[in-house]
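What follows is a single structure, written as structure tokens, with notes after it.
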Amino acid sequence: MSDHYFTAEPASAAEQRSLSLELAGRPVTVRTAGGIFSPDGLDKGTAVLLHEVPAPPASGTFLDLGCGWGPIALTLALSSPDATVYAVDVNERALDLARANARSLGLDRVHVSRPDGIPGDVSFDLIWSNPPIRVGKAVLHDLMRTWLPRLAPGGVAYLVVQKNLGSDSLQRWLADELPAPGYAVSRFASDKGFRVLEVRRVR
Ligand SMILES: C[S@@+](CC[C@H](N)C(=O)[O-])C[C@H]1O[C@@H](n2cnc3c(N)ncnc32)[C@H](O)[C@@H]1O
């Protein structure tokens with residue numbers, strides 16, 4: 001079996017470890033393990049996203065698309081005391097860790113599940129994602145086609161993508177796929193070789 005971080009059941013040993021870091025300005029200790037994305041610390045792209053995006057509103061329904069061990073979902077929930085946060089991934093080990101991390105921080109407003117675990121009638125005021133670029137364009141585009149139309153009118157998505165891994169072509173593809181006036185696609189920020197793309201659902 002291949003053992004990329006985006007496989008459903010990673011073959012590599014689970015060696016759990018504990019990681020102390022700051023999320024939403026708070027010191028937290030979380031659990032990570034081999035076989036998932038960025039188990040030894042906050043990924044550089046995720047750090048750029050969390051640094052660049054505007055603070056989320058205090059309430060609403062938010063999505064972390066491709067949650068890994070949960071840094072983005074946990075930040076959303078720690079920042080927004082009345083928000084409901086959904087976190088999805090296909091990697092079962094990542095889901096277990098994200099769930100355990102939310103529980104240990106007392107964040108029962110974080111709902112961690114496989115992508116098909118979110119009821120179809122839920123729409124999102126905010127999506128934050130460090131999306132899985134290495135799955136290839138076809139899968140990535142499918143993910144975008146599936147989740148971005150689930151933004152509520154007025155909702156906004158922020159996606160961080162490494163410039164070398166095709167951020168500009170993804171931005172062009174999004175602008176073609178989600179045309180104005182329904183959506184507005186733009187480059188929101190650029191830092192350390194990453195772009196943060198913004199997709200705003202206008203109506
Ligand atoms: C770049 S990582 C980001 C992980 C985490 N959000 C972080 O910032 O550390 C992308 C994540 O997307 C997940 N993923 C891959 N394919 C997916 C899919 N079809 N639906 C949801 N998540 C997926 C991967 O397993 C991986 O955990």
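Keep in mind that what you see is a predicted model, and the values were worked out from it rather than measured. Both counts, for ligands and for their atoms, begin at 1 and track the order of listing.
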Under 4.0 angstrom from ligand 1, any heavy atom of [X]?
| X | answer |
| --- | --- |
| V90 | yes |
| A94 | no |
| P131 | yes |

Could you pull out, from [options], the option with a heavy atom nearest to [atom]?
| atom | options | result |
| --- | --- | --- |
| atom 4 (C) of ligand 1 | G66, G41, P39 | G66 |
| atom 25 (O) of ligand 1 | D89, N91, L165 | D89 |
| atom 14 (N) of ligand 1 | P132, G70, A47 | P132 |

Report the distance from atom [atom1] of [X] to atom [atom2] of [Y], rounding to the nearest 0.5 Å.
| X | Y | atom1 | atom2 | result |
| --- | --- | --- | --- | --- |
| Y86 | L76 | OH | CG | 14.0 Å |
| T75 | L50 | OG1 | CG | 4.5 Å |
| L165 | F194 | CG | CZ | 8.0 Å |
| S123 | I118 | OG | CD1 | 11.0 Å |
| L148 | L159 | CG | CG | 6.0 Å |

**Prompt:** Could D82 and R109 be called an ion pair, given the rule that one side-chain N must be under 4.0 Å from one carboxylate O?
**Reply:** no
**Request:** May I ask you to check whether over 12 heavy atoms, not counting those of R99, lie within 6.0 Å of atom CZ?
**Result:** yes
**Message:** Give the atom numbers and elements of ligand 1 that come within less than 4.0 Å of a heavy atom of P115.
**Reply:**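 Within the 4.0 Å cut-off of P115, ligand 1 contributes 20 (N), 21 (C).
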**Request:** Answer with side chain, backbone, both or neither: which part of V139 has a heavy atom less than 4.0 angstrom from an atom of ligand 1?
**Result:**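 It is neither part, as no heavy atom is under 4.0 Å.
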**Message:** For ligand 1 and T46, I'd like to know whether there is a polar contact (N/O to N/O, distance under 3.5 Å).
**Reply:** yes
